Each structure stands twice: as C-alpha cells, then as structure tokens.
Amino acid sequence: TGMNMLKTGTLFLFLTFLLLLTGYLIGGVGGILFFLVISVVMNFLGYWFSDKMVLAMARAKEATPEDTPELHRVVEEQVRLAGIPKPRVFIIESDSPNAFATGRSKRHASIAATRGILRILDREELGAVLAHELAHVGNQDTLIMTMVATVAGAISMIASVAQWSMIFGGGRRDRNASPAGMIGLLVVVIVMPLAALLIRLAISRTREYQADKTGALTSGRPMALANALRKLQRGTQARPLDIPKERLETVSHLFIVNPLRGDGLVALFSTHPPLEERIRRLEAMQYQSLWPDR
C-alpha cells in the first residue's frame, strides 16, 4: 500500500510539474502563476461537484433499501468489514454488469451498481466487487483521480489555446518567430497532452490494483473477486452500457471493469490494468493464502 501511494504521489508531482512547465513555455513565470491559479480553482470545483456530475452522467438513481434490499444488505456487510461509513447507494437501469464508487471523502461517498451486475453475480462475488468499490472510497481514490483529471485537463486546455494561437498567428509573435519559441509551442501542443494522459492512465491503473488488493483483504475473498471480474468482462462486452460515448469516456475510469470496448491501441490507452494481470494478482493472494476461500 505504501509503495502504491508513493508511486501515485510521485506521478502526481510529475504531472503538476508538467502543468507548470507548460505554463512557462506559453507565458513565462506569469504563465506558471496564471495556470496554477486555474488548476486550484478547477480542483476546488471538482472536489465539491464531481460526484454529482458523475452520477448524473451515468444516469444513476438513488436506491432505497425497499427498492434493492439485497444490494443494501451486502453494502452494509462490506462497510462493517472495511470499517467505513455506509455510502449512499445508487442503481443504474442497465443490463450491462458494472459498478463504481464516487465521492470526496469516506463520509461523502456514493456507490452505484447496474441491474445487470445484480443479476449475474452471486452474493460472494457481489460482496467482493462492493469491497473493491469501498476500497476506492477508503483509499480516497475518487479525490486523487479528480485532482489528476483536473491537472491533466488544464494541460489539455493550454495545449488547445496554443494550437489555436499557432493556427491564427496570435500570441507573442516575437517569441513564436524564433526556432526555440516554435519548438516550445510544438512541445506544448503535441508532447504535453500525451505525457499528461499517460501519467493519468498510470495513476488510474495503480489505484485499480490497490483497490483489488484492499477489497480482497477486507472481504477475505480474492477468488470471488477474480471470478466476478471474469464474469463482468464477458458481460460488459456482450451488453455495453447504453450511455452516449462522450459521457462514458468521462466516467469510464471509475467503473470496476472498463465499459468501453476495444483492444490494440485502445487497450494501450485504457484506464484499467489488463484483466488477466488483475486476476493473476488475486490468485497469487489466494494461494499465498492468509484466508482459505470459504
């Protein structure tokens, strides 16, 4: 856990450095300060409002214990094991099996599950999946990923401004006319957004591995989680989430398995680690076995 947090922290510091460097290449020291302020404001807004936006994008509706008694019972079991407060519970009216968690803190968290996941998983598998999602809450991954998305988004925004500046010849012509100025602009437009994306993906994958590990520890059932991941992978491919692609791309990193189809280059830029590697690590936990699979 310590190593994963160290890796996450190092990557985030590097991402912040990229933002400041991008600001410098565009506007010198003034550019650093300007975009640092923008980043702080965007992070503040993301901290307070991202969970509401995510739940709306995923078309999640709050579910009462009367609506989904079994889901609430399993959530209550897992929060006792994880030692965190019970989050608000949401349901997504979709046959595509998936789940996610969001919220700025352990006391302000929400967990959402589709109708499809309730149909295809048995109680142990559902418990293991919810343990994974609660691990994201306990590890404060939603807050981490909101900050990461905000800084990466700020870099992309600066790159777009620089691109339009190049197209229309705006900005500081005296600087852009020099070879060094042009190289700086090209770095901002091409290299920085790609580097920011790759760092964002690396952090997202690290947090997924950690949630698998924490969820397996708290539920005590690594093999149930491995089996659930296999079922969910097949189920999401067979029945994709019926959410517009633009919305889905914004929230896809939150789901336990990637709801976006694709392999090859798409898989390279996935927010999720390879499923086979996730399962291999969970099987290794089982066979090192602190807990027999009851």
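The chain is numbered in sequence order, starting from 1. Predicted model only: the values in this text are computed from it and were never measured.
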- [ ] With rounding to the nearest 0.5 Å, note down the distance linking CG in Leu18 to CE in Met192.
- [x] 5.5 Å
Task: Reported CG-to-CD1 distance for the pair Leu25 and Ile183, which is rounded to 0.5 angstrom - done: 11.0 Å
Donor-acceptor contacts under 3.5 Å from residues 81-90 side chains, at least two apart:
residue : atom : partner : partner atom : Å
Lys86   : NZ   : His72   : ND1          : 2.8
Lys86   : NZ   : Glu76   : OE2          : 2.8
Arg88   : NE   : Glu62   : OE1          : 3.4
Arg88   : NE   : Glu62   : OE2          : 3.3
Arg88   : NH2  : Glu62   : OE1          : 2.7

Open item on the list: I'd like to know if Glu70 pairs up with Arg123 as an ion pair, taking the criterion as any Lys NZ or Arg NE/NH1/NH2 lying under 4.0 Å from an Asp or Glu carboxylate oxygen.
Closed with: yes
Task: Side chain proximity check, Ser110 to Leu55, heavy atoms < 4.5 angstrom - done: yes
- [ ] May I have the step-by-step check of side chain to side chain contact (heavy atoms under 4.5 Å, CB included) for Arg278 and Leu229, ending in yes or no?
- [x] CA-CA 9 Å; Arg278 291 174 73 181; Leu229 289 174; 3.7 Å; yes
- [ ] Answer yes when Asp95 and Arg119 have at least one side-chain N-carboxylate O distance shorter than 4.0 Å, and no when they do not.
- [x] yes
Task: Test item: Met223 and Leu282 side chains (from C-beta on) under 4.5 Å apart, heavy atoms - done: no
Open item on the list: If hydrophobic clusters are built by linking Ile, Leu, Val, Met, Phe, Trp and Tyr wherever their side-chain heavy atoms come under 4.5 Å apart, do Leu33 and Ile158 end up in the same one?
Closed with: no
Open item on the list: Looking at Leu260, is its backbone amide N or carbonyl O close enough to the side chain of Asn258 to form a donor-acceptor pair, meaning the two atoms are under 3.5 Å apart?
Closed with: yes
- [ ] Report yes or no: do Thr114 and Asn98 form a side-chain donor-acceptor pair below 3.5 Å?
- [x] no
- [ ] Start with the C-alpha gap between Arg59 and Arg247, add the side-chain angles, then the distance that decides, and say whether side chain to side chain contact (heavy atoms under 4.5 Å, CB included) holds.
- [x] CA-CA 10 Å; Arg59 296 175 178 166; Arg247 285 188 179 191; 4.0 Å; yes
Open item on the list: I need the minimum non-hydrogen distance between Leu15 and Ala152, along with the two atoms involved.
Closed with: CD2-N, 4.2 Å
TODO: Would you kindly say whether Thr214 and Gln210 are connected by a side-chain donor-acceptor distance under 3.5 Å?
DONE: yes
TODO: Evaluate the side-chain proximity of Ile155 to Val188: yes if any heavy-atom separation is below 4.5 Å, no if none is.
DONE: no
Task: Residues in salt bridge (Lys or Arg N to Asp or Glu O under 4.0 Å) contact with Glu283, at least two apart in sequence or another chain - done: Arg230
TODO: Identify the two heavy atoms, one from Ala159 and one from Val189, that lie closest to each other, and give their separation to 0.1 Å.
DONE: O-CG2, 3.9 Å
Open item on the list: Between Glu133 (side chain only) and Ala101 (backbone N and O only), is there a donor and an acceptor less than 3.5 Å apart?
Closed with: yes
Task: Heavy-atom side-chain contact between Pro259 and Leu248 under 4.5 Å - done: yes
Open item on the list: Given 3.5 Å as the limit, does a donor-acceptor pair link the side chain of Asn139 with the main chain of Ala135, or not?
Closed with: yes
Task: Any side-chain donor near an acceptor of the partner, Thr8 and Arg207, under 3.5 Å - done: yes
- [ ] Take atom NZ of Lys231 as the centre, draw a 6.0 Å sphere, and report whether it contains more than 12 heavy atoms from other residues, nucleotides or ligands.
- [x] yes
Task: Any donor-acceptor N/O pair, Ser204 side chain to Arg200 backbone, under 3.5 Å - done: no
Task: Non-hydrogen atoms of Arg104 and Gln140 that approach each other most closely - done: O-NE2, 4.2 Å
Task: Spatial distance of atom NZ (Lys245) from atom OG (Ser252) [nearest 0.5 Å] - done: 10.5 Å
- [ ] Measure the CD1-OG distance between Ile117 and Ser96 for me, rounded to the nearest 0.5 Å.
- [x] 9.5 Å
- [ ] Would you name the heavy atoms of Ser270 and Arg205 that are closest together and state the gap between them?
- [x] O-NH2, 2.8 Å
TODO: Answer with yes or no whether the hydrophobic clustering places Phe17 together with Ile144; edges join I, L, V, M, F, W, Y residues whose side-chain heavy atoms lie under 4.5 Å apart.
DONE: yes
- [ ] Looking only at non-hydrogen atoms, find the nearest pair between Thr271 and Glu208 and report the distance.
- [x] O-CG, 4.5 Å
Task: Stepwise side chain to side chain contact (heavy atoms under 4.5 Å, CB included) check, Ser94 with Asp242 - done: CA-CA 7 Å; Ser94 172; Asp242 46 351; 3.6 Å; yes
Open item on the list: Return the CG to OG1 distance between Leu11 and Thr206, rounded to the nearest 0.5 Å.
Closed with: 6.0 Å
Task: Ring-face cation of Arg281 near Tyr209 (centre distance under 6.0 Å, axis angle within 45°) - done: yes
Open item on the list: Quick check: do Leu21 and Val187 have side-chain heavy atoms less than 4.5 Å from each other?
Closed with: no
Task: Any side-chain heavy-atom pair of Val148 and Phe12 under 4.5 Å - done: yes
Task: Close side-chain approach of Leu241 to Phe255, heavy-atom, < 4.5 Å - done: yes
- [ ] Identify the two heavy atoms, one from Ile120 and one from Glu125, that lie closest to each other, and give their separation to 0.1 Å.
- [x] O-OE1, 4.3 Å
TODO: Report the distance from atom CE of Met285 to atom CG of Leu225, rounding to the nearest 0.5 Å.
DONE: 9.0 Å
- [ ] Output, in order, the C-alpha distance, side-chain angles, deciding distance and verdict of side chain to side chain contact (heavy atoms under 4.5 Å, CB included) for Leu254 and Val54.
- [x] CA-CA 9 Å; Leu254 292 170; Val54 163; 3.3 Å; yes
Open item on the list: Tell me which pairs pass ring-ring contact (aromatic ring centres under 6.0 Å, His included) where either residue lies in residues 115-139, with sequence neighbours left out.
Closed with: His132-His136
Task: Sidechain N-carboxylate O distance under 4.0 Å for Arg73, Glu77 - done: no
Open item on the list: Between Ile92 and Phe100, is there a side-chain heavy-atom distance shorter than 4.5 Å?
Closed with: yes
